[in-house]
Undergrad: 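Take a look at this one; I'll ask things after.
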Amino acid sequence: YAFSNRGNPIFSRYRYLVEPYFNLPQGFEYSIGQRGSESQGGVHMYTYTSSIGKYYKAYWISFRVNYYTPLSSTSYSINIRRFFNDDPYRYVGIVVGTGRTPDIADNITNNIISNSTVSFGTYGQFLLVRNLYMNFSAGYTRDNFTPPGTTIRNEIILGGGLKWLF
């Protein structure tokens, strides 16, 4: 995964993600990786991430830790997904997360601040017709910026899409 956005002052100049997954015995999996970005003003932000997951019957349960620099903050999330009819592309899930995450407070000066975040959501994917799947997501995030109580941002996130499998 990579992203490039030249000339736009709001979004990152570049982003990347490297995160290999490893199968472990007894239905476990492990991942470790890094995400990086550079703002248009030259500020570099890095995320070091790791997860451990377990497949049990029709479920997948995962715990993820993210460590962010340059602010030295950490976030955590738990993800539970249920698969249907032995089809890895048909599922519903919930995710819950909390922790401290970085945010660019001012896109002009690239001032990075830390916020305390709580989030939860649901998502899923279902077969519509042969090879065509519909996916959805819905969630809520509450950010409390530093210093505490100065700004609170509530977000409702809705998403959907179609996926064609060849």
Side-chain angles (χ1 to χ4, degrees), residues 1-5 11-12 14-37 45-104 114-146 148 152-166:
Y1 169 80
F3 173 85
S4 178
N5 190 32
F11 299 106
S12 300
Y14 73 83
R15 289 189 292 185
Y16 68 87
L17 165 64
V18 176
E19 185 177 7
Y21 282 76
F22 304 95
N23 290 325
L24 301 173
Q26 300 180 352
F28 282 94
E29 71 178 14
Y30 174 75
S31 75
I32 187 165
Q34 182 190 30
R35 298 175 184 144
S37 66
M45 291 181 24
Y46 299 100
T47 303
Y48 301 93
T49 186
S50 184
S51 71
I52 184 124
K54 166 85 170 140
Y55 290 91
Y56 178 74
K57 296 186 180 180
Y59 292 90
W60 174 65
I61 302 165
S62 170
F63 175 74
R64 175 174 296 280
V65 176
N66 294 304
Y67 177 77
Y68 307 95
T69 63
L71 292 181
S72 300
S73 57
T74 308
S75 69
Y76 310 91
S77 64
I78 296 175
N79 192 343
I80 301 172
R81 181 183 295 177
R82 186 190 189 296
F83 297 95
F84 296 100
N85 298 338
D86 294 328
D87 182 350
Y89 301 106
R90 294 175 63 191
Y91 54 82
V92 295
I94 59 171
V95 62
V96 177
T98 188
R100 299 194 67 77
T101 59
D103 198 335
I104 296 179
S114 175
N115 60 23
S116 176
T117 301
V118 175
S119 64
F120 61 88
T122 186
Y123 61 94
Q125 183 168 276
F126 298 96
L127 180 67
L128 289 178
V129 294
R130 185 184 151 178
N131 294 345
L132 181 63
Y133 288 82
M134 179 182 78
N135 56 53
F136 71 90
S137 61
Y140 169 79
T141 299
R142 179 183 176 93
D143 294 323
N144 188 358
F145 291 92
T146 303
I152 294 175
R153 178 175 60 195
N154 296 299
E155 294 179 85
I156 296 176
I157 301 117
L158 302 172
L162 298 172
K163 181 187 293 185
W164 180 268
L165 297 181
F166 294 94

Undergrad: Can you see whether R35 engages T49 through a side-chain donor-acceptor pair at a distance of less than 3.5 angstrom?
TA: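 Note: R35 and T49 side chains miss the donor-acceptor criterion.
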Undergrad: Under the side-chain hydrogen bond (donor to acceptor under 3.5 Å, both in side chains) test against R153, which residue among N144, T117, D143 passes?
TA: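 Going through the options one by one, the only one that passes is D143.
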Undergrad: Can you check whether L162 reaches L128 side chain to side chain, under 4.5 Å on heavy atoms?
TA: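 In contact.
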Undergrad: Would you confirm whether T47, through its side chain, and Q34, through its main-chain N or O, come within 3.5 Å as a donor-acceptor pair?
TA: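 The answer is no, because no donor-acceptor pair under 3.5 Å joins these two groups.
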Undergrad: Can you see whether F126 has R90 sitting over its ring - NZ or CZ less than 6.0 Å from the centre and within 45° of the normal?
TA: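 That pair does not qualify as a cation-pi contact.
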Undergrad: According to ring pair (Phe, Tyr, Trp, His ring centres under 6.0 Å), who are the partners of F120, at least two apart in sequence or on a separate chain?
TA: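 Per chain and number, F120 pairs via ring pair (Phe, Tyr, Trp, His ring centres under 6.0 Å) with Y140.
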Undergrad: Of all heavy-atom pairs between Y21 and S51, which one has the smallest distance, and what is that distance?
TA: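 Looking at all heavy atoms of both residues, the closest pair is CE2-OG, 4.1 Å.
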Undergrad: In terms of side-chain heavy atoms, does Y123 have a donor or acceptor partner in N79 at a distance below 3.5 Å?
TA: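 Yes.
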Undergrad: Only counting residues at least two apart or in another chain, list the ones meeting ring pair (Phe, Tyr, Trp, His ring centres under 6.0 Å) with Y68.
TA: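 Y68: no ring pair (Phe, Tyr, Trp, His ring centres under 6.0 Å) contacts found.
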Undergrad: Over all heavy atoms of both residues, which pair between P20 and I32 is shortest? Give the atoms and the distance, please.
TA: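 Closest pair (atom of P20, atom of I32, distance): CD-O, 3.1 Å.
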Undergrad: Which heavy atom in V95 sits nearest to a heavy atom in S77, and how many Å separate them?
TA: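 Looks like CG2-CB, 4.4 Å.
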Undergrad: Can you confirm whether I156 is buried at CD1, in the sense that more than 12 heavy atoms of other residues, nucleotides or ligands lie under 6.0 Å from that atom?
TA: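 Counting neighbours around CD1 of I156, 12 or fewer heavy atoms of other residues, nucleotides or ligands fall under 6.0 Å, so no.
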Undergrad: Please say which of S75, S73, S72 ends up in a side-chain hydrogen bond (donor to acceptor under 3.5 Å, both in side chains) with Y67.
TA: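 Running side-chain hydrogen bond (donor to acceptor under 3.5 Å, both in side chains) over S75, S73, S72 with Y67 returns exactly one hit, S72.
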Undergrad: Check for a donor-acceptor pair, side chain of S50 on one end and backbone N or O of S31 on the other, with a separation under 3.5 Å.
TA: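 Yes.
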Undergrad: Y89: which residues meet the ring pair (Phe, Tyr, Trp, His ring centres under 6.0 Å) condition with it, sequence neighbours left out?
TA: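 Testing Y89 for ring pair (Phe, Tyr, Trp, His ring centres under 6.0 Å), a comparison that skips the adjacent residues, returns Y133.
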